[in-house]
Colleague: 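Could you have a look at this structure, given as structure tokens, before my questions?
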2 protein chains.
Amino acid sequence: MGENALQRKPRRNQGMSIARLAEHLGLSEGTVSRALNGYPDVAGKTRERVIDAARTLGYSPSSAARRLARGVVETVGFVLPQRAGHFSDPFLAEMLDGVAMELADSDWDLIVAAVPDGHDEPEVIDRLARTGKVGGFILTRTRRKDARVDHLRELGLPFVVHGRTEDCADYAWLDIDNEKAFVDAVRYLVELGHRRIAHIGGDMSFNFAHFRHLGYRRAMEDAELPVPAGFVAEGIADGVAADEAMTAMLSLPAPPTAVVCVTDAVALGAMRAISGAGLRPGVDVSVIGYDGLPFGLAAHPPLTTMSQSSHRAGREVARMLLALIHGAEPANSQVLWEATLTKRASASPPPPH
Amino acid sequence: MGENALQRKPRRNQGMSIARLAEHLGLSEGTVSRALNGYPDVAGKTRERVIDAARTLGYSPSSAARRLARGVVETVGFVLPQRAGHFSDPFLAEMLDGVAMELADSDWDLIVAAVPDGHDEPEVIDRLARTGKVGGFILTRTRRKDARVDHLRELGLPFVVHGRTEDCADYAWLDIDNEKAFVDAVRYLVELGHRRIAHIGGDMSFNFAHFRHLGYRRAMEDAELPVPAGFVAEGIADGVAADEAMTAMLSLPAPPTAVVCVTDAVALGAMRAISGAGLRPGVDVSVIGYDGLPFGLAAHPPLTTMSQSSHRAGREVARMLLALIHGAEPANSQVLWEATLTKRASASPPPPH
DNA sequence: AGGCTAAGCGAAAGCGCTTTCGGTTGTCAA
DNA sequence: TTGACAACCGAAAGCGCTTTCGCTTAGCCT
């Protein structure tokens, strides 16, 4: 015996099985199975009888037996980003909901795996793959260089990535066009009349932070606006750090009149710093964030922000993975979505001065 | 064949199987299996040889075959709260991370299921249970009357609930003592010198909102303080609604000098209303929230709040479920944790006046 | 009527593992 | 030397399903 003392053979569904069902119907197991699985060589009447009986007796095939017999999995894996517990992520849950919903439409399931301390992501992926628990993977919170992607490439299992890595030509991904989003944000500020625009950026090892930064740079260049020293902060991950960074910017000889922030959390921190310096956010200094958090709406003034539905992204990513598993080409499964700008009061024309 | 065109029998792990491993070793499958599963009747040397070979050849048993042969599942289900996508929940992801981590320690897995539109929670639970995909369930975001709990009770599968329902004597749960948390919060305000304390409460069909409200009432009674008309708002779910509710309270003839809010999101909305009315949050009107959100720290003033780690709750809940599956008594698996009060600047003594 | 085809079903093998049972060795006491 | 007894391993039966193959029957044409 193993080390555990599970009561063996728990009669799952009061011992319902295809054998019992077949016996009950006076048919062979094979016929019942074919009827249930839509094979053409079973009489219409028989099929109905079988389906009816299955429903009334509450029979559903054991997924384990099915998997063993057919050799297909009907489950996909989602490896939670390491340290997910440390910065709580409001989008993960939404995205998971989308993924799980989309999968449910095809009667597929979702295994969510975390990376235990002392292990790393490839190990977790390996275990799931080797034991045959999943037929594909979904990844999110991608870094520019991402061990998970490299590992999955080698493994040969289908996978789709929410986000992208540095080199993303050969696998399937769904990403937001973060560069364009920040180009748009800066353009909007330029149209409002701003010329001194700063950027509070995040951890550049994350691809989204990298591209948001790039978008900021490109738009500034396009508008032929200078990016003075001190106008770009990097590696800002939360409101507190953002507060400090913004405070520093405000004490520059020629401080910015607007700032585009890598996330809403950062933007809210920046707004706080602006108030703290005795200035009015959205009046003296405009602020734009990214994420569309509900908190942004309740901020004062309400935060101008960019966003894309995580739930929809989850659905799409799941759909893509299913397609991949059914034979689609990864290189043809690369989707770039645009974020939408929600204009609120935190961004307005600069003070006349 | 079914309707799909999956390539059948994908050679999971380059066709590694216990048969190949056994052949490679010159042993029978049975012996290999027993060696790997720690049976005593296999020679020490043999066991080592087998384990070594398994590792170097990268063999792990197929979970489906294992499940079929042993009749045990090693997977638990987590049914996402319906409409999770609509109010994004920063804690769900954290909690899932905790659950998955704890399970991983025992080589168990977590299936996360969503409720597709047009279906309900019992259906989803049923499917997972009937197909034998899971050996137990974890629930969260419990309502006072919860269809999921009722259904699981009937089903007879082990489950543990994060939160409680109205009647919770006969199943396993882990909950925060929300009543005590709000008693403590009110007491803290009373000690600070407040006498006019209000409460902005949530949707009372959620158990946590119900008990937080109860705690507020009880503490007010204990302190022999009145709860004037208009001092309690119900059904407030977000910052915007909180803003309105707080604004209404501030226009009372004798407005509160402090308010305890059902969540941080609500508290932040209340703070905004206070500022909007020309008063200073944390000085003229004290505010206490619940959740320990990072945003609270970056608010101004930083939000006094109560919290409990979702990650730890996830771990604990998973541990409890595993125990249950191994035969523990549900009625002995009921745990009440206390929330801790994080004192920050949003709560201070009332203005002298 | 005879033969042929197609429709419908049963028999049986097999998916990859676990676990019981029994058989073969080697070891030790008598 | 025997016999008894462990220790160790192989054989084989299953777990619940799918799917191929082939057989029986009904239906049709000539």
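Note on naming: letters A, B, ... go to the chains in the order of the sequence lines (proteins, then strands), and numbering restarts at 1 for each one.
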Colleague: Measure the distance from CG on A/L21 to P on C/dG10 and round it to the nearest whole Å.
Modeller: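 To the nearest whole Å, that distance equals 13 Å.
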Colleague: Does a donor on one side chain sit under 3.5 Å from an acceptor on the other, for B/Y171 and B/T165?
Modeller: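 Distance-only check passes for B/Y171 and B/T165.
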Colleague: Looking at D/dT18, does its base get a donor-acceptor pair with the side chain of A/R67 below 3.5 Å?
Modeller: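 In this structure, the two groups form no donor-acceptor pair.
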Colleague: Round to the nearest Å and state the distance from B/D41 atom CG to D/dC8 atom P.
Modeller: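 Answer to the nearest Å: 8 Å.
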Colleague: Output the single nucleotide from C/dG10, D/dC17, D/dT18 whose closest atom is nearest the side chain of A/T31.
Modeller: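 In terms of side-chain proximity for A/T31, the closest of C/dG10, D/dC17, D/dT18 is C/dG10.
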Colleague: Let me know the distance between CZ of B/R20 and C1' of C/dC15, rounded to the nearest Å.
Modeller: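 One finds 15 Å between C1' of C/dC15 and CZ of B/R20, rounded.
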Colleague: What integer distance in Å separates B/E74:CD from D/dC15:C1'?
Modeller: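 Distance, rounded to whole Å: 15 Å.
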Colleague: Does B/R34 get its side chain close enough to the base of D/dG10, under 3.5 Å, for a donor-acceptor pair?
Modeller: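 Looking at the base of D/dG10, it does pair with a donor or acceptor on the side chain of B/R34 (distance under 3.5 Å).
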Colleague: State which of C/dG16, D/dC9, C/dC17 makes the closest approach to the side chain of A/L68.
Modeller: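 Selected nucleotide: C/dG16.
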Colleague: For B/G44, which contact category applies under a 4.0 Å heavy-atom criterion: base, sugar-phosphate, or nothing?
Modeller: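 Counting heavy atoms under 4.0 Å across all strands, no contact is made by B/G44.
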Colleague: State, yes or no, whether a side-chain contact exists between B/M95 and B/H311 at a heavy-atom distance under 4.5 Å.
Modeller: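 B/M95 vs B/H311: side chains apart.
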Colleague: How far apart are the C-alpha atoms of A/L157 and A/H151, what are their side-chain angles, what is the distance that settles it, and do they pass the side-chain contact (heavy atoms from CB on, under 4.5 Å) test?
Modeller: CA-CA 10 Å; A/L157 269 179; A/H151 196 74; over 6 Å; no
Colleague: Measure the CD-OG distance between A/E94 and A/S309 for me, rounded to the nearest 0.5 Å.
Modeller: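 With rounding to 0.5 Å, CD (A/E94) is 6.0 Å from OG (A/S309).
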Colleague: To the nearest Å, give me how far apart CD (A/E23) and C1' (C/dG10) are.
Modeller: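 Distance, rounded to whole Å: 15 Å.
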Colleague: Among C/dG8, C/dC17, D/dG16, which is the nearest nucleotide to the side chain of B/A65?
Modeller: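 Side chain of B/A65 sits closest to C/dC17.
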Colleague: Check every atom of D/dT19, D/dG16, C/dG8 against the side chain of A/A69 and return the nucleotide holding the closest atom.
Modeller: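 For the A/A69 side chain, the nearest candidate turns out to be D/dG16.
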Colleague: Where the side chain of A/A43 is defined as all heavy atoms beyond and including C-beta, which of C/dC9, C/dC17, D/dG16 is the nearest nucleotide?
Modeller: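 So the nucleotide nearest the side chain must be C/dC9.
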Colleague: Among the candidates C/dT18, D/dG10, D/dG16, find the nucleotide nearest to the side-chain atoms of B/L27.
Modeller: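 Side chain of B/L27 sits closest to D/dG10.
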Colleague: Starting from P on C/dA7, measure out to CZ on A/R47 and report it in whole angstrom.
Modeller: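 Answer to the nearest Å: 13 Å.
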Colleague: For the pair made of OH in B/Y39 and C1' in D/dG10, what is the distance, rounded to whole Å?
Modeller: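 My rounded result for the distance is 16 Å.
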Colleague: From the set C/dC9, C/dT18, D/dC17, return the single nucleotide nearest to any side-chain atom of B/E29.
Modeller: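 Looking only at side-chain atoms, B/E29 lies closest to C/dT18.
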Colleague: Of all the nucleotides listed (D/dC9, D/dC17, C/dG16), which has the minimum atom distance to the side chain of B/S62?
Modeller: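 My answer, after comparing the listed nucleotides, is C/dG16.
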Colleague: Does A/N37 put a side-chain nitrogen or oxygen below 4.0 Å from OP1 or OP2 of D/dT18?
Modeller: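 It does, given that an N or O in the side chain of A/N37 lies less than 4.0 Å from OP1 or OP2 of D/dT18.
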Colleague: Using a distance-only test with no angle check, is there a side-chain donor-acceptor pair under 3.5 angstrom linking A/S63 and B/R67?
Modeller: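 Their side chains do contain a donor-acceptor pair, which is all the 3.5 Å distance test asks for.
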Colleague: Is B/D150 reaching over with its side chain to a backbone N or O of B/A147, donor-acceptor style, under 3.5 angstrom?
Modeller: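 Judged by distance alone, no pair lies under 3.5 Å.
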Colleague: It should be established whether A/T46 places a side-chain nitrogen or oxygen under 4.0 Å from OP1 or OP2 of nucleotide C/dC9.
Modeller: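 Looking at the OP1 and OP2 atoms of C/dC9, one of them is under 4.0 Å from a side-chain N or O of A/T46.
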Colleague: Roughly how many Å is it from OH in B/Y59 to C1' in C/dG16, rounded to a whole number?
Modeller: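 Rounded to whole Å, this separation is 7 Å.
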